[in-house]
Amino acid sequence: MDLQALARPEILALKPYASARALAGNQGILLNANESPWPPPGQANDDQRSLNRYPSPQPPALKQALAEQYGVAPEQLLITRGSDEGIDLLVRVFCQAGQDQVVICPPCFGLYALSARVQGAEVVEVPLEMGERDWAVNWPALHAQSSAKLTFLCSPNNPTGSGCEALDVLALARQQAGRGLVVMDEAYVEYSDRDSLAPLVAEQANLVVLRTLSKAHALAGCRLGVVIADPVVIDLLRRIIAPYPLPTPAVEAAMNAMTPDVLAETQRRIGVLAEEKQRLLTALRNHPDMHQIWPGEANFILVRAKDGGSLMAAAAAAGIVLRDQSAQPSLDHAVRITVGTPAENQALLDCLAQWSA
Ligand SMILES: *Cc1c(COP(=O)(O)O)cnc(C)c1O
């Protein structure tokens, strides 16, 4: 499959910017990058971690740790400033303004359409089909998109929590081969019983998987995400990523997140959130002014209230911030509730017990 042929010609013609650190590494007397020779005043000199030095563009140790965690080869992986940056890089590399199409399945994460529009790509919507208990991807309609450069899927999806079957995603990627990429955003997959599609990237070259440390790994403030793709796609994305995208403290926090003890604690917390989610669901299902509840597979619940505005206001009055989703297609009066700590959830339950629309 000629993945390069899918990229914008301007990107193919680029000679990637070669930063000082990328050219020469960080060994020896470093007089090549116009850095300060001293650490910031008051801080100890700690070689590589010293903040006077530019960081490695793609720190090899972190890359190795993330590749192991996701079951892929390091060459299949690009570390980015959150998945947000991965989404933006994909759109900028593959979509020609005024010409290419990006397909999304709303209700979904707003950034796919935003990145596409900033790039001047056309956004084509193939809405999810709403069911009483779940939401479903309209696979036949996706297969019918003959000029999609990028198709964004998300499983579990934000805000519906719904998942999709690996076989359906693979079938779409096969059908789109030679025409476009299928991007699977797995920001919440740690919370789901489903397997990540990351290992399938090796057999289906136009499949791209996005992972992030922002959710289950508790590092949203770190801005660290990963694009998992064929090495040809990774090379194309590297051409346009910022020279030093990954701040040294963020890399250290991410390395820590990949240690066995921390991974075990992350797993334990996933279990706590699953129990807490059940507790919230029981109360929500018993509430007379909740009209629909979509439990989903992630760390949040989507509800349709009798009066979404009233629910938002009641929560706000109790100091609780929920996410109004009513602006999304077919989501009037819908509110997304993130599962919090047991104490936070209890505050919400207390509030709900008092609330009626
Ligand atoms: C939270 C979220 C992300 C994560 O974005 P980061 O930039 O990695 O923080 C990605 N996709 C979806 C659908 C999300 O909800």
Side-chain angles (χ1 to χ4, degrees), residues 58 62 66 69-70 77-92 102-116 118 123 125-128 135 137 150-164 169 181-192 194 196-198 208-229 237 241-242 245-247 249-251 253-254 257-258 266 269-270 273 277 294 296-302 321-325 327-329 331 334-340:
Q58 292 284 302
L62 180 59
L66 290 168
Q69 176 68 11
Y70 297 140
L77 188 147
L78 183 71
I79 312 171
T80 56
R81 285 168 291 194
S83 304
D84 290 358
E85 183 174 48
I87 292 163
D88 194 53
L89 295 175
L90 285 163
V91 170
R92 284 196 287 139
V102 169
V103 175
I104 61 170
C105 302
C108 63
F109 192 40
L111 203 66
Y112 313 138
L114 180 68
S115 286
V118 169
V123 177
E125 299 193 351
V126 177
L128 297 179
W135 297 70
V137 173
L150 298 173
T151 302
F152 280 101
L153 298 169
C154 184
S155 172
N157 183 49
N158 176 9
T160 62
S162 49
C164 33
V169 181
L181 304 180
V182 173
V183 184
M184 170 53 82
D185 184 341
E186 294 186 336
Y188 301 96
V189 74
E190 291 90 345
Y191 299 108
S192 159
R194 293 179 199 274
S196 168
L197 301 194
V208 177
V209 172
L210 303 177
R211 302 290 302 258
T212 180
L213 300 190
S214 290
K215 304 287 159 57
H217 293 282
L219 287 175
C222 224
R223 311 307 308 126
L224 250 152
V226 172
V227 179
I228 297 164
L237 301 180
I241 197 170
L246 309 174
V251 170
M258 293 298 116
T266 296
R269 289 176 170 191
I270 288 170
L273 289 181
K277 184 173 162 184
W294 293 283
E297 303 176 12
N299 62 333
F300 54 82
I301 299 164
L302 184 67
V321 187
L322 305 177
R323 186 72 184 255
D324 187 342
Q325 293 286 341
Q328 291 239 44
L331 285 188
V335 174
R336 193 189 66 199
I337 303 170
T338 306
V339 183

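Numbering of ligands and ligand atoms starts at 1, following listing order. For clarity, every value in this text was computed on a predicted model and none was experimentally measured.
Scanning the protein heavy atoms around atom 7 (O) of ligand 1, the nearest turns out to be Arg223 NH2, 2.6 Å. Ranking the protein heavy atoms by distance from atom 5 (O) of ligand 1 puts Asp84 OD1, 3.3 Å first. Closest to atom 15 (O) of ligand 1 among all protein heavy atoms lies Tyr188 OH, 2.7 Å. With hydrogens left out, the protein atom closest to atom 12 (C) of ligand 1 is Asp185 OD2, 3.4 Å, a heavy atom. Annotation: atom 4 (C) of ligand 1 to nearest protein heavy atom, Lys215 NZ, 3.6 Å. At the top of the distance list for atom 9 (O) of ligand 1, counting protein heavy atoms only, stands Ser214 OG, 2.6 Å.
Remark: Gln58 CD to Ile79 CD1 distance equals 5.0 Å, nearest 0.5 Å. Taking OG from Ser196 and CD1 from Ile228, the interatomic distance works out to 6.0 Å, rounded to the nearest 0.5 Å. In this structure, the separation between CG on Asp84 and CZ on Phe109 is 5.0 Å, given to the nearest 0.5 Å.
Of the N or O atoms in Asn158, one or more lie within a sub-3.5 Å distance of an N or O in ligand 1. For a threshold of 3.5 Å applied to N or O pairs, the pair formed by Tyr112 and ligand 1 contains no separation below that value.
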Notebook entry, point to check: Run the side-chain hydrogen bond (donor to acceptor under 3.5 Å, both in side chains) check on Glu85 and Thr80 step by step: do they pass?
Noted result: CA-CA 6 Å; Glu85 183 174 48; Thr80 56; 4.7 Å; no

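Side-chain atoms of Glu186 come within 3.5 Å of backbone atoms of Leu197 as a donor-acceptor pair (strictly under, hydrogens ignored). No side-chain donor-acceptor contact under 3.5 Å links Ser192 to the backbone of Glu297.
The option from Thr212, Thr80, Leu111 that lies nearest to atom 8 (O) of ligand 1, judged by heavy atoms, is Thr212.
Close approach of ligand 1 to Ala187 is summarised as follows: ligand atoms under 4.0 Å from at least one heavy atom of the residue are 2 (C), 3 (C), 10 (C), 11 (N), 12 (C), 14 (C). Interface atoms of ligand 1 facing Cys154, defined by a heavy-atom separation under 4.0 Å, are 13 (C).
In Glu85, neither the side chain nor the backbone holds a heavy atom less than 4.0 Å from any atom of ligand 1.
Ring-centre distance between Tyr188 and Phe300: below the 6.0 Å cut-off.
Heavy-atom neighbours of Arg269 CZ from other residues, nucleotides or ligands within 6.0 Å: at or below the threshold of 12.
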